[in-house]
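For reference, the structure is listed below as structure tokens.
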Number of protein chains: 2
Amino acid sequence: MTAPVRVLLADDEHLIRGALAALLGLEDDLVVVAEAASGPEALAMARAHRPDVAVLDLQMPGADGVKVATSLRAELPGCRTMIVTGHGRPGHLKRALAAGVRGFVPKTVSAQRLAEIIRTVHAGHRYVDPELAADAISAGDSPLTAREAEVLELAVDGAPIAEIAERASLSPGTVRNYLSSAASKLGAENRHTAARLARERGWV
Amino acid sequence: MTAPVRVLLADDEHLIRGALAALLGLEDDLVVVAEAASGPEALAMARAHRPDVAVLDLQMPGADGVKVATSLRAELPGCRTMIVTGHGRPGHLKRALAAGVRGFVPKTVSAQRLAEIIRTVHAGHRYVDPELAADAISAGDSPLTAREAEVLELAVDGAPIAEIAERASLSPGTVRNYLSSAASKLGAENRHTAARLARERGWV
DNA sequence: GCGTACCGATGACATTTGTCATCGGCATCC
DNA sequence: GGATGCCGATGACAAATGTCATCGGTACGC
């Protein structure tokens, strides 16, 4: 028999992380060598334990799963990464794949299934949840330019244009233009709905 | 030895539910008698299996944890309910307690701890996570009147005032007045940030 | 070189929104 | 009965926002 797959588990919800570690530990070809509750911690644990596969939650304090995956890819090329997420937004999948993530699954799968997918990923293959993939395809690519997305992101919390302009170091008029064009591209009536839509689709 | 505590587990994320069931099952004074992935399903399972304690996720399809708890209180008064949540918003805690929920914990606790809390709740006591309790207290009561809250809720997705007015069957001018007064009470610069704040605090 | 697209900005204009004062109706509490 | 507070509305005014045309600059591909 070959050596077991060394797994790193990163999720800020202790309840889930612990439970998952226990369940995956039952599989005799998997061993959880490290756990982390935040993005930076995940990176540190990965450096220290050099896992074969890193299972990362998408939403974590510090740095989200995709950011961690990006760093891991540079630092530990031999470590495969996969993302587990509660609410999968289309754009995240695309970002994740661009970051070299090899597995992308929702938390609605069973632990049994997750174990299989970890093996798949470890073997060098890829796995993307079919439903999330379909969503991503139907959502399509972001029609927004870089600045449009940037400005829209600053608009998500409802800040007035003056504040957005200051934070983006742009003229208020320019900000209004970008927001207007972004809203028009997204078919939204104003920047607030536009920001919400873009966020839903993972475009910001 | 007394009979084990019969537990119902409701969470839409299979990964977590399954893992949790496995971990709690290790405690020899707890037994998971039913699992559910949605609000209505949780109710049905509770009717069928009559658990001692129902552990409900706050966010589930169909009906959220608090709604399920309310129904359970009416139908199965002997069944204690508790809520587990990822992101605990102050207002939810208040709603939950009003619904007769006896335990309220974030998902950052360990399974070990959760098991203890289940026992505490089963024994007839209450348990509220100290940090969530502190948040709830510091957030205080909603300063909003009924209509202000109602209109603010319709504003969360960034709809223009005309649409809000139509959906609330109010004059646009009235809507503007309510939104203005709500925003002022919340210290927000505009209705969008006001809506976000109110939602964060669980006031809508 | 030329066309195209993005960036950053300005000005003008219409529309939407925020703010305030004010009104009548209704319920509640003292 | 009077005070208070919420409800629903209107009008008026100022400020913020959305929309459009236009400009110069830069980068990229053909």
Side-chain angles (χ1 to χ4, degrees), chain A residues 91 94-95 98 139-204, chain B residues 91 94-95 98 139-204:
Chain A
K94 209 158 298 182
R95 269 177 59 219
D141 272 335
S142 169
L144 304 174
T145 69
R147 284 301 174 287
E148 281 166 359
E150 181 186 332
V151 171
L152 207 49
E153 184 158 20
L154 292 173
V156 288
D157 50 359
I161 289 205
E163 188 183 321
I164 299 175
E166 196 191 353
R167 291 216 280 163
S169 302
L170 286 175
S171 147
T174 305
V175 169
R176 278 194 292 167
N177 287 338
Y178 283 150
L179 288 176
S180 175
S181 120
S184 142
K185 282 179 180 174
L186 268 51
E189 307 190 7
N190 56 46
R191 65 207 165 92
H192 304 285
T193 51
R196 198 174 45 79
L197 278 177
R199 168 144 292 190
E200 274 175 17
R201 299 182 192 170
W203 289 341
V204 294
Chain B
K94 209 159 299 185
R95 268 177 60 220
D141 271 334
S142 169
L144 304 175
T145 69
R147 284 301 174 287
E148 282 165 359
E150 182 186 331
V151 171
L152 207 49
E153 185 157 20
L154 292 173
V156 288
D157 51 359
I161 290 208
E163 186 183 323
I164 299 175
E166 195 190 355
R167 292 215 280 164
S169 301
L170 287 175
S171 146
T174 305
V175 170
R176 277 194 292 167
N177 287 338
Y178 282 151
L179 288 176
S180 175
S181 117
S184 140
K185 283 177 180 175
L186 268 52
E189 307 190 358
N190 56 46
R191 63 207 165 93
H192 305 286
T193 50
R196 197 173 47 79
L197 278 177
R199 167 145 293 191
E200 274 176 18
R201 298 182 192 170
W203 289 340
V204 295

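So that the names make sense, note that chain A is the first sequence line, chain B the second, and so on, each numbered from 1. Scope of the values below: all heavy atoms of this structure, side chains included, with no hydrogens, waters or symmetry mates.
For the pair Glu163(A) (side chain) and Pro160(A) (backbone), a donor-acceptor distance under 3.5 Å is absent.
A close approach under 4.0 Å does not occur between any side-chain nitrogen or oxygen of Thr174(B) and OP1 or OP2 of dC7(D). The shortest distance between the side-chain N/O atoms of Arg147(B) and the OP1/OP2 oxygens of dG8(D) is below 4.0 Å. One finds a side-chain N or O of Arg191(A) lying less than 4.0 angstrom from the OP1 or OP2 phosphate oxygen of dT17(D). An OP1 or OP2 oxygen of dC7(D) is reached within less than 4.0 angstrom by a side-chain nitrogen or oxygen of Thr145(B).
Distance, Tyr178(B) OH to dT17(C) P: 18 Å, rounded to whole Å. Between the CG atom of Asn190(B) and the C1' atom of dA14(D) there is a distance of 16 Å, given to the nearest Å. Remark: P of dT16(C) and CD1 of Ile164(B) are 13 Å apart, rounded to the nearest angstrom. For the pair Glu189(B) CD and dT17(D) C1', the interatomic distance rounds to 14 Å; values are reported in whole Å. Between Glu148(A) atom CD and dA5(C) atom P the separation is 13 Å, expressed in whole Å. Whole-Å rounding puts the His192(B) NE2 to dT16(C) P distance at 13 Å.
Taking a 6.0 Å sphere around CD of Glu200(B), one finds it holds more than 12 heavy atoms contributed by other residues, nucleotides or ligands. With a 6.0 Å radius and a threshold of 12 heavy atoms from other residues, nucleotides or ligands, Glu189(A) has its CD atom at or below the threshold.
Relative to the side chain of Ser180(B), the nucleotides dT19(C), dT17(D), dC7(D) differ in distance, and dT19(C) lies closest. Distance from the side chain of Arg176(A) is smallest to dG18(D) among dA9(D), dG18(D), dT17(C). Side-chain proximity of Ser171(B) to dA9(D), dG18(C), dT17(D): nearest is dA9(D).
No engagement by Ala183(A) is indicated, since no non-hydrogen atom pair under 4.0 Å with the nucleic acid exists.
Both Leu179(B) and Gly173(A) lie close to DNA chain C; mapped to their nearest nucleotides by heavy-atom distance, the more 5′-ward contact belongs to Gly173(A). Mapping Lys185(B) and Leu170(B) onto DNA chain D by nearest heavy atom places Lys185(B) at the nucleotide closer to the 5' end.
With values rounded to the nearest 0.5 angstrom, Ser142(A) atom OG is found 8.0 Å from Lys185(A) atom NZ.
Contact of Asn177(A) with dT22(D) (side chain to base): no donor-acceptor pair of N or O atoms is detected under 3.5 Å.
Checked by atom type, the side-chain pair Thr174(B)/Asn177(B) shows no donor-acceptor distance below 3.5 Å.
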